[in-house]
Every structure is written in structure tokens, then in C-alpha cells.
There are 2 protein chains.
Amino acid sequence: MRDSSQETPEYCAIETAMEVLGGRWKLAILKQLLTGTLRFSELKRALPRITQRMLTRQLRELEADGLITRTVYREVPPRVEYALTEAGRSLDAIADQLDTWGRWYRDTYRAADRSAQEQPTATAVGTP
Amino acid sequence: MRDSSQETPEYCAIETAMEVLGGRWKLAILKQLLTGTLRFSELKRALPRITQRMLTRQLRELEADGLITRTVYREVPPRVEYALTEAGRSLDAIADQLDTWGRWYRDTYRAADRSAQEQPTATAVGTP
DNA sequence: CCGTATCCTAAAGGATACTG
DNA sequence: CAGTATCCTTTAGGATACGG
């Protein structure tokens with residue numbers, strides 16, 4: 001028999017993580033909520049480029065995945081507040097590091113475009 | 001994805017990061033390469049569910065984004081080796097934490113399905 | 001061995017208008 | 001305020017076949 005060190009069930013859990021966190025906005029939304037509870041309009045303002053429809057959808061998915069809670073206050077005008085669950089908060093460090101890395105990457109490879117990369121010119125910026 | 005047209009200044013750099021790292025396979029590939037240089041067929045074997053076409057494409061994008069290098073040895077049969085650049089290696093910690101988180105998430109919310117979540121039932125598992 | 005070339009489906013994402 | 005409802009375009013992702 002073979003040594004079981006190569007048994008696939010031990011899949012790269014990153015795939016799982018990306019299934020939940022993938023998409024353009026999920027982590028950006030979570031990052032906003034790390035600062036505390038926010039209502040829909042506040043999130044919308046914090047992420048100006050997201051459309052209302054996408055914000056709604058991503059919030060619902062995050063809720064379904066157990067990363068955020070949604071609380072509706074039946075007032076006039078209506079108020080809906082979003083907050084992180086424990087699972088959502090557990091992404092704190094990761095979101096922070098991704099943010100840092102993204103900033104570093106953007107500064108280093110300023111042409112985030114898929115066509116302007118002949119020479120690194122200088123990796124002398126130092127990696128995070 | 002991959003817009004970068006509207007460079008709003010103090011933006012959530014996570015969006016940038018996700019433009020580069022998003023997609024189902026990018027981080028999984030990077031994680032494999034963290035163990036060292038690998039050739040195409042080795043990567044394919046390490047990620048059985050990826051198709052040849054997708055592997056090729058993702059590798060090319062990672063290369064274009066400056067995260068990996070591609071070295072062709074013109075032999076018979078051909079040999080192509082992939083390795084991380086400094087920028088790619090700088091994702092070490094993040095990839096590791098995402099993997100850990102993904103495993104934890106999968107164990108906790110075993111129904112990774114988007115329909116079996118009424119109540120957290122118990123957040124008593126403890127977060128990473 | 002390491003890819004391209006086609007062709008295709010499904011999902012992500014978006015613009016705009018309307019509503020309780 | 002916080003959404004739905006439509007309709008539409010763009011990517012992601014994949015099956016399969018062929019090529020240097």
C-alpha cells in the first residue's frame with residue numbers, strides 16, 4: 001500500500017476561502033465592517049464604485065455564508081445595519097494584510113495594466 | 001476585473017489585491033510554488049481539478065502581473081519551470097493564513113452550500 | 001511535455017428604472 | 001432608505017481536439 005501523504009482530501013483550502021471571499025467586493029466590504037456596524041447607505045458611500053445591486057447581492061451572500069449579520073429596523077425611513085459575525089471578524093488580520101499588500105503592489109507595479117511590464121525597474125522598494 | 005482606470009486615491013487596496021489574486025486558482029497556484037520551483041506537469045498534478053487551459057492562462061496572468069517567472073528549457077521533451085518572484089514570495093504569509101482560514105471555515109460551516117444556514121447554532125468553535 | 005485553437009456555458013458584474 | 005426588477009455585457013471557466 002501507498003503512503004497516504006498524498007491523499008487529495010487534503011485539498012488546498014485556499015480554494016474554499018476564495019469561493020467565499022472571491023469576487024471583487026467581498027473583502028472590501030468586510031474591511032469596512034471591521035470598523036464597526038454600518039448601514040447600507042454608509043457602505044455604499046464607503047465603496048463609491050459598487051452599484052446598489054451588487055452591494056445588495058454581495059451582502060446577502062456574505063450573510064448566507066455566515067460572515068455578517070443583517071438587522072432590519074422597521075422605522076420610517078427604514079434602517080438596516082450590517083455587522084460582522086465572529087467568523088467575519090476572524091478575517092481581520094488577513095484583510096489587513098491584503099490591503100497592505102495591495103497598496104504595496106500598486107505602488108510598485110504602478111501600471112497594474114497587463115501590458116506595461118518590461119522590467120521591474122527596481123524591486124528595491126522592499127517587500128512587506 | 002482588472003480595471004485600474006479610475007484610480008481613486010485612498011481606495012481600499014484590497015480591490016487591487018483581488019484584481020491580481022482573484023479567480024479560483026491564482027492563490028492556489030502561488031501556494032504550490034511557495035514550496036519551490038515547479039514545472040507545468042507538476043503543477044497540473046498538484047491541482048488535479050484545474051484544466052490544462054486554465055492552468056496555462058492563470059500562469060500567464062501571474063507572469064504578466066510579475067508574481068511568477070517562466071523559464072523555458074528548449075530540450076526534448078520540452079521543460080518549463082515556474083518560480084515565484086520576490087513579489088510572489090511576499091504573499092507567503094497571506095496565502096498561509098487564507099489556507100488556514102479556509103480549512104477552519106470548511107470545518108465549521110461544513111455545509112459550504114449557500115442554503116443551509118439558519119442559525120449559527122454555536123460559534124463556540126473558536127476563531128483562528 | 002507543454003502547450004494553442006475552438007467553441008461553449010455559466011457566472012459575475014453593471015445601467016437603469018421603479019417601489020414599500 | 002434600502003432595496004427589486006429588467007435587461008444587458010463581459011469574464012471566468014471548461015471540454016475537447018490538435019500541434020511543435
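Remember, predicted model here, so these are calculated numbers, not experimental data.
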Using a 4.0 Å heavy-atom cut-off across all strands, classify [X] as base, sugar-phosphate, or nothing.
{"X": "A:Gln58", "value": "sugar-phosphate"}
{"X": "B:Glu42", "value": "nothing"}
{"X": "A:Tyr82", "value": "sugar-phosphate"}
{"X": "B:Gln52", "value": "base"}
{"X": "A:Arg74", "value": "nothing"}

Can you label the angle between the A:Trp101 ring and the A:Trp104 ring as parallel, tilted or perpendicular, going by 30° and 60°?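 Plane angle between 30° and 60°, so tilted.
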Can you tell me how the ring of B:Phe40 sits relative to the ring of B:Tyr82, calling it parallel under 30°, perpendicular over 60° and tilted otherwise? tilted
Going hydrophobic residue to hydrophobic residue with side-chain gaps under 4.5 angstrom, can you get from B:Tyr73 over to B:Ile68?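 The answer is no; the residues belong to distinct hydrophobic clusters.
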Do the side-chain N or O atoms of [X] get closer than 4.0 angstrom to the phosphate oxygens (OP1, OP2) of [N]?
{"X": "B:Arg70", "N": "C:dG3", "answer": "yes"}
{"X": "B:Thr51", "N": "D:dA15", "answer": "no"}
{"X": "B:Arg24", "N": "D:dG14", "answer": "yes"}

Counting side-chain heavy atoms from CB outward, which of [options] is closest to [X]?
{"X": "B:Trp25", "options": "D:dG14, D:dG3, C:dG3", "value": "D:dG14"}
{"X": "B:Arg60", "options": "C:dC2, C:dG13, C:dT4", "value": "C:dT4"}
{"X": "B:Val80", "options": "C:dG3, C:dC1, D:dC1", "value": "C:dG3"}
{"X": "A:Pro78", "options": "C:dC2, C:dG13, D:dC1", "value": "D:dC1"}
{"X": "B:Met54", "options": "D:dG14, C:dC1, C:dG13", "value": "D:dG14"}

Check this for me, if you would: do A:Arg49 and B:Glu15 make a salt bridge, where the nitrogen-to-carboxylate-oxygen distance has to be below 4.0 angstrom? yes
On DNA chain D, compare the nucleotides closest to A:Arg79 and A:Arg53; which residue's is nearer the 5' end? A:Arg79
